[in-house]
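Numbering of residues begins at 1 and proceeds along the displayed sequence. Atoms within a ligand are numbered from 1 in the order they appear, just like the ligands themselves. Predicted model only: the values in this text are computed from it and were never measured.
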Amino acid sequence: MTLEILPMEAKYLEDAAALVVDNFRALRRRIPRLPARYEQPLVIVDLLGKLENEARGAVALKAGRLAGFLSGSMMPNFYKKRAFYSPEWANAAEEAFSREVYEALYAYLSPIWLREGCQALAVSLMAHDEPARQVWGWLGFGILAVDALRGMEPLAVSVPEIEIRQAGAADLPALGELLAGLSRHLAGPPVFLAQDFPRPADLLAKPGYVMWLAFEAGEAVGFLGMDPAYRDGCLILQDEDTIQVEPAYISEKCRGAGVGKALLEHALAEARRQGYLRCSVDFESPNILASRFWLKRFEPACYSLMRVIDMGGE
Ligand SMILES: CC(C)(COP(=O)(O)OP(=O)(O)OC[C@H]1O[C@@H](n2cnc3c(N)ncnc32)[C@H](O)[C@@H]1OP(=O)(O)O)[C@@H](O)C(=O)NCCC(=O)NCCS
């Protein structure tokens with residue numbers, strides 16, 4: 001039975017949301033601490049409805065039944081490129097037809113996105129969905145970012161006894177230097193991602209935000225921020241009970257000595273006291289230090305894949 005590919009319309013939203021919810025339930029069986037709210041079809045219908053206004057998605061029908069869909073929105077500055085991005089709640093395919101559905105949707109939609117000036121295409125996939133990751137890999141997409149989750153339980157490892165305290169106005173110069181170090185780390189090999197960070201004062205002014213600083217011999221050598229209002233990562237990890245690590249950095253000379261673990265342990269204990277139920281983090285997969293550090297302590301929930309399109313010419 002061949003697939004019929006049609007533009008996304010409001011009449012398909014409920015069936016599309018049902019596919020997303022099925023997929024999310026499968027992920028939540030693996031990671032039960034994920035927020036339950038994304039098992040509610042109406043939450044997803046509402047999100048998809050807002051995208052539908054942009055009319056850049058499509059559905060795949062098999063004998064008149066929705067077997068998959070792909071939707072998303074234009075991002076003017078996605079890793080410094082104009083990109084079309086499909087979040088993890090804006091694409092899904094029945095597992096049995098994953099390959100043919102995603103291939104057909106991508107072949108149909110990609111020329112439309114490129115005509116609108118996209119230089120890159122990106123898609124987030126739920127971490128358990130290995131078949132989808134395979135298909136997108138064959139379509140030329142590579143993992144660039146990971147969203148991961150853990151509970152608030154202690155790390156259960158020994159950490160060095162170092163001074164850790166909350167950053168305040170007097171720490172802004174030291175924090176500025178450490179943030180510049182993080183920027184350099186991300187812009188350099190093997191990450192190669194230039195990122196704009198908020199100014200230290202703007203970070204500290206965010207509602208509910210706490211920046212923990214670690215000191216050695218009176219010198220600030222690392223930081224770890226905890227942001228309850230973080231909204232840049234994948235949505236399905238987020239709700240009012242989730243706090244996000246954003247960002248973290250240990251100065252090069254002090255790495256590998258347990259300072260990162262001590263900061264994380266401290267930040268988790270404080271967030272636990274405040275009643276948070278889970279902690280998320282997102283990081284670039286080519287950031288080897290970060291991948292090693294977070295993946296030992298957090299479980300991947302979403303992978304974000306990207307493909308940069310080179311159309312040649314000037
Ligand atoms: C990721 C990062 C915050 C971890 O902080 P850290 O203080 O080095 O971490 P720790 O020392 O507590 O633990 C690092 C682990 O790597 C091991 N390690 C050994 N030598 C190391 C070295 N030279 N550098 C880093 N880690 C090393 C540690 O023994 C430890 O192993 P374990 O996980 O089995 O316990 C730090 O490497 C860093 O700032 N990286 C650059 C910035 C960055 O990537 N930030 C995260 C952005 S999301």
Check: Gln244/Asp282 side-chain N/O donor and acceptor closer than 3.5 Å: yes

Ring geometry between Phe223 and Tyr249 (parallel below 30°, tilted from 30 to 60°, perpendicular above 60°): tilted

Sub-3.5 Å N/O-N/O distance, Phe283 and ligand 1: no

Carboxylate-amine/guanidinium proximity below 4.0 Å for Asp196 and Lys80: yes

Closest candidate by heavy atom, reference atom 40 (N) of ligand 1, pool Leu263, Leu295, Leu289: Leu289

Minimum-distance protein heavy atom relative to atom 2 (C) of ligand 1: Ile250 CG1, 4.3 Å

Flag for Tyr85-Ser124: side-chain donor and acceptor within less than 3.5 Å: yes

Residue portion contacting ligand 1 (non-hydrogen atoms closer than 4.0 Å) for Lys296: side chain

Lys/Arg-Asp/Glu bridge criterion (N-O < 4.0 Å) met for Lys62, Glu100: yes

Proximal atoms of ligand 1 relative to Ala290 (non-hydrogen, under 4.0 Å): 44 (O), 46 (C)

Atom 7 (O) of ligand 1 - nearest protein heavy atom and its distance: Gly260 N, 2.8 Å

Residue part near ligand 1, for Leu182, under 4.0 Å between non-hydrogen atoms: side chain

Region of Asn287 that comes within reach of ligand 1 [heavy atoms, distance under 4.0 Å]: side chain

Stepwise ring pair (Phe, Tyr, Trp, His ring centres under 6.0 Å) test for Tyr106 and Trp136: CA-CA 9 Å; Tyr106 179 64; Trp136 286 100; 5.6 Å; yes

Lys/Arg N to Asp/Glu carboxylate O, Arg133 vs Asp129, below 4.0 Å: no

Distance from atom 11 (O) of ligand 1 to nearest protein heavy atom, with residue and atom: Gly258 N, 2.7 Å

The one among Lys253, Glu252, Arg297, Arg292 that brings a heavy atom closest to atom 33 (O) of ligand 1: Arg297

Closest to atom 26 (N) of ligand 1 among Ala214, Cys254, Gly256 (heavy-atom distance): Gly256

Which of the ligand 1 atoms, numbered from 1, are nearer than 4.0 Å to a heavy atom of Ala248: 43 (C), 45 (N), 46 (C), 47 (C)

Proximity of Pro247 to ligand 1 by residue part, where a heavy atom lies under 4.0 Å: neither

Ligand 1-proximal atoms of Arg255, by part, heavy-atom distance under 4.0 Å: both

Closest approach of any protein heavy atom to atom 48 (S) of ligand 1, naming residue and atom: Trp294 NE1, 3.5 Å

Closest contact, heavy atoms only, Tyr38 versus Leu235: OH-O, 3.3 Å

Short N-O contact, Glu219 and Lys253, less than 4.0 angstrom: yes

side-chain contact (heavy atoms from CB on, under 4.5 Å) evaluation trace for Glu284 with Gln195: CA-CA 11 Å; Glu284 278 74 34; Gln195 271 192 14; 3.1 Å; yes

Residue, atom name and distance, where the atom is the protein heavy atom closest to atom 9 (O) of ligand 1: Phe293 CE1, 3.5 Å

Tyr249, portion touching ligand 1 at heavy-atom distance under 4.0 Å: both

Geometric class of the Phe84/Trp113 ring pair [parallel <30°, tilted 30-60°, perpendicular >60°]: parallel

Protein contact to atom 30 (C) of ligand 1 [nearest heavy atom, distance to 0.1 Å]: Lys261 NZ, 3.9 Å

